[in-house]
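Please read the structure below before turning to the comments.
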Amino acid sequence: MTPITCIEDLRQLAERRVPRAFFQYVDSGSYAEETFRANRADMERVKLRQRVLVNVDKRDLSTTIVGQDAALPIALAPIGLCGMQHGNGEILAAEAANEAGIPFCMSTMSICSMEQVAEATRKPFWFQVYVIRDRGFIADLIARAKAANCSALVLTVDLQVLGQRHRDIKNGMTVPPQIKLANVLDIMSKPRWAMSILNAKSKTFGNLAGHVKGMEGVNSLAQWTNSQFDPTLSWQDVDWIRSLWPGKLIVKGILDVEDARLATKCGADAIVVSNHGGRQLDGAPSSISMLPKIADAVGSDIEVMFDGGIRSGQDLFRALALGAKSCLIGRAYIYGLGALGKPGVKTAIDIIRKELDITMALTGVTKIADIDRRTLASETVPDETRVLELAETRKKAG
């Protein structure tokens, strides 16, 4: 096998090994995919400040994320249908995260159930929850998360209605796959994937099957989402969830300064600046373009996390420099899972770890707390930040 040197290598391997419908489910955005592309394009415009002749012999990549020690400033993001990239995908990803010393977040729309992950890993993990019309089910889901010893609840707030993903419709994306000639031929050409799915603990939506009335006959994520997700969701519902959940609460899907300010008042421990990976409102700004504005507005009041477009340790560094305390990686690790199973997830984490380590050395930084806007090339630092820094310099100079 050709040596795997970067996340793109894992992506290309996953594309060959995972059936097209499931690969494109994680590899695409909504509508014209403008926001999906902007997440990467804007990320690459942020340039780093190279420094030399600085003692960087000893570098420390560890940090804390919502009070939890982490070997790296990343967590594995919640990915719907994770277990359709590779059999037992959620369990394998959780194991890889545990071994790397970082958090794993499981999606409501997972294939393995939270109980299966808890039994297999015997370690705390995060659970991501959507709010649906059946509030009784949500209360039960949160109770199950407590019983599974989840250490944080991640409330996703940017999916009250589903942004259309054209490729999912064209691929007829369902769980299990629809029995039609194109799908059958595709799966027959991917025996490694098929064997992993056949041997998996679960082959449908593990957190929903047997718990949601009428779910037994539903195999389409879009079908279930459109019928069950609640467009009336409001900040009052966040207060209700906070009353049910005693642990750490993270609100994911913040892309506006005013929403960030409201989130600081709802009892959340952290927010995630995110546009859902470009899979919801197409035409929205990139996550990285909004991060510094939100971090400036609320970073002293609440822990700011970031999600959207991270494919390397350099990208991770950029987000930290622009105000994130930690980041979620989604596609980066899911490509590894589809490519190689658990070893692929470990490879993805290790790639980002090594790239972050080298990037810190070449920018003259030895610990995570020292990564800030001073480590960026001046032309890529937001104008308002440069004005504040100039004013502070003049003030100190008298």
Side-chain angles (χ1 to χ4, degrees), residues 59-79 90 93-107 117 121 123-129 145 148-157 242 245-254 260 263-264 266-274 277 287-288 291 294-295 298-310 312-313 315-334 345-346 348-350 352-353 355-357 359-360 365 367-372:
R59 300 179 297 280
D60 183 4
L61 278 60
S62 65
T63 188
T64 60
I65 305 177
V66 290
Q68 177 180 338
D69 290 337
L72 287 167
I74 59 172
L76 300 191
I79 301 288
E90 291 85 6
E95 290 175 342
N98 289 338
E99 292 169 15
I102 61 174
F104 165 75
C105 185
M106 182 183 193
S107 171
V117 172
T121 63
K123 289 188 178 181
F125 56 94
W126 297 356
F127 184 73
Q128 174 270 336
V129 65
N149 197 29
C150 292
S151 55
L153 190 72
V154 178
L155 173 64
T156 296
V157 295
R242 173 77 278 184
W245 178 255
K248 299 293 186 180
L249 178 64
I250 302 168
V251 176
K252 179 178 181 288
I254 301 297
T264 65
C266 73
D269 297 283
I271 60 170
V272 182
V273 177
S274 172
S287 295
I288 198 69
L291 173 61
I294 292 172
V298 303
S300 60
D301 302 317
I302 195 169
E303 191 164 325
V304 177
M305 303 172 68
F306 174 81
D307 168 67
I310 290 178
S312 67
D315 294 339
L316 175 56
F317 187 99
R318 289 165 167 137
L320 296 173
L322 288 175
K325 190 172 186 297
S326 61
C327 299
L328 300 180
I329 60 169
R331 290 184 175 97
Y333 94 81
I334 211 71
V345 179
K346 295 176 69 173
I349 296 170
D350 195 46
I352 290 176
R353 183 203 311 276
E355 290 173 342
L356 175 62
D357 183 48
T359 301
M360 288 172 62
V365 174
K367 56 183 184 290
I368 297 299
D370 289 342
I371 302 175
D372 57 26

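- Looking at T264, its side chain never comes within 3.5 Å of a backbone N or O of I302 through a donor-acceptor pair.
- Residues passing the side-chain contact (heavy atoms from CB on, under 4.5 Å) test with S312 are Q314, D315, E355, sequence neighbours excluded.
- The shortest side-chain heavy-atom distance between W126 and S151 falls under the 4.5 Å cut-off.
- Just one residue in the list V272, I294, I288 forms a side-chain contact (heavy atoms from CB on, under 4.5 Å) with F306, and that residue is I288.
- Within the 4.5 Å cutoff, side-chain heavy atoms of L356 are placed close to those of L61.
- A search for side-chain hydrogen bond (donor to acceptor under 3.5 Å, both in side chains) contacts involving D269 returns R242, not counting sequence neighbours.
- Proximity of T121 to N98: side-chain heavy atoms (C-beta onward) are separated by under 4.5 Å at one or more points.
- To the nearest 0.5 Å, atom CD1 of residue I74 and atom CG of residue L328 are 9.5 Å apart.
- With sequence neighbours left out, D372 forms a salt bridge (Lys or Arg N to Asp or Glu O under 4.0 Å) with R374.
- A 4.5 Å side-chain heavy-atom check between M360 and F317 finds at least one atom pair inside the cut-off.
- Contact detail for I349 and A100: the closest heavy-atom pair is CG2-CB, 3.8 Å.
- Contact record, S287 with D307: OG-O, 3.0 Å, taken as the closest heavy-atom pair.
- Smallest separation of non-hydrogen atoms from A94 and V117: CB-CG1, 4.0 Å.
- In this structure A145 satisfies the side-chain contact (heavy atoms from CB on, under 4.5 Å) test together with M114, F127, C150, W245, sequence neighbours excluded.
- Under the rule for a side-chain hydrogen bond (donor to acceptor under 3.5 Å, both in side chains), D301 has no partner lying at least two apart in sequence or in another chain.
- Side-chain contact check for V129 versus V154: every heavy-atom pair is 4.5 Å or farther apart.
- Annotation: salt bridge (charged side-chain N to carboxylate O under 4.0 Å, His left out) contacts involving residues 93-105, sequence neighbours excluded, comprise E95-K342, E99-K342, E99-K346.
- The salt bridge (Lys or Arg N to Asp or Glu O under 4.0 Å) check on K123 picks up nothing, with sequence neighbours excluded.
- Shortest non-hydrogen contact noted between I250 and A152 is CD1-CB, 4.3 Å.
- Across I102 and A71, no two heavy atoms sit closer than the pair CG2-N, 4.4 Å.
- Side-chain atoms of P73 and I368, non-hydrogen and from C-beta on, do get closer than 4.5 Å to each other.
- Pairing each heavy atom of V66 with each of A270, the nearest pair is CG1-CB, 3.7 Å.
- With sequence neighbours left out, the side-chain hydrogen bond (donor to acceptor under 3.5 Å, both in side chains) criterion links D357 to R59.
- Annotation: side chain to side chain donor-acceptor pair (under 3.5 Å) contacts involving residues 325-334, sequence neighbours excluded, comprise T64-K325.
- Here the side chains of V345 and L76 are in contact, with some heavy-atom distance below 4.5 Å.
- Remark: A295 engages R373 in a side-chain contact (heavy atoms from CB on, under 4.5 Å) (not counting sequence neighbours).
- Residues forming a side-chain contact (heavy atoms from CB on, under 4.5 Å) with D350 (at least two apart in sequence, or on another chain): R353, K354.
- From D69, atom CG reaches atom OG1 of T63 across 9.0 Å, with rounding to the nearest 0.5 Å.
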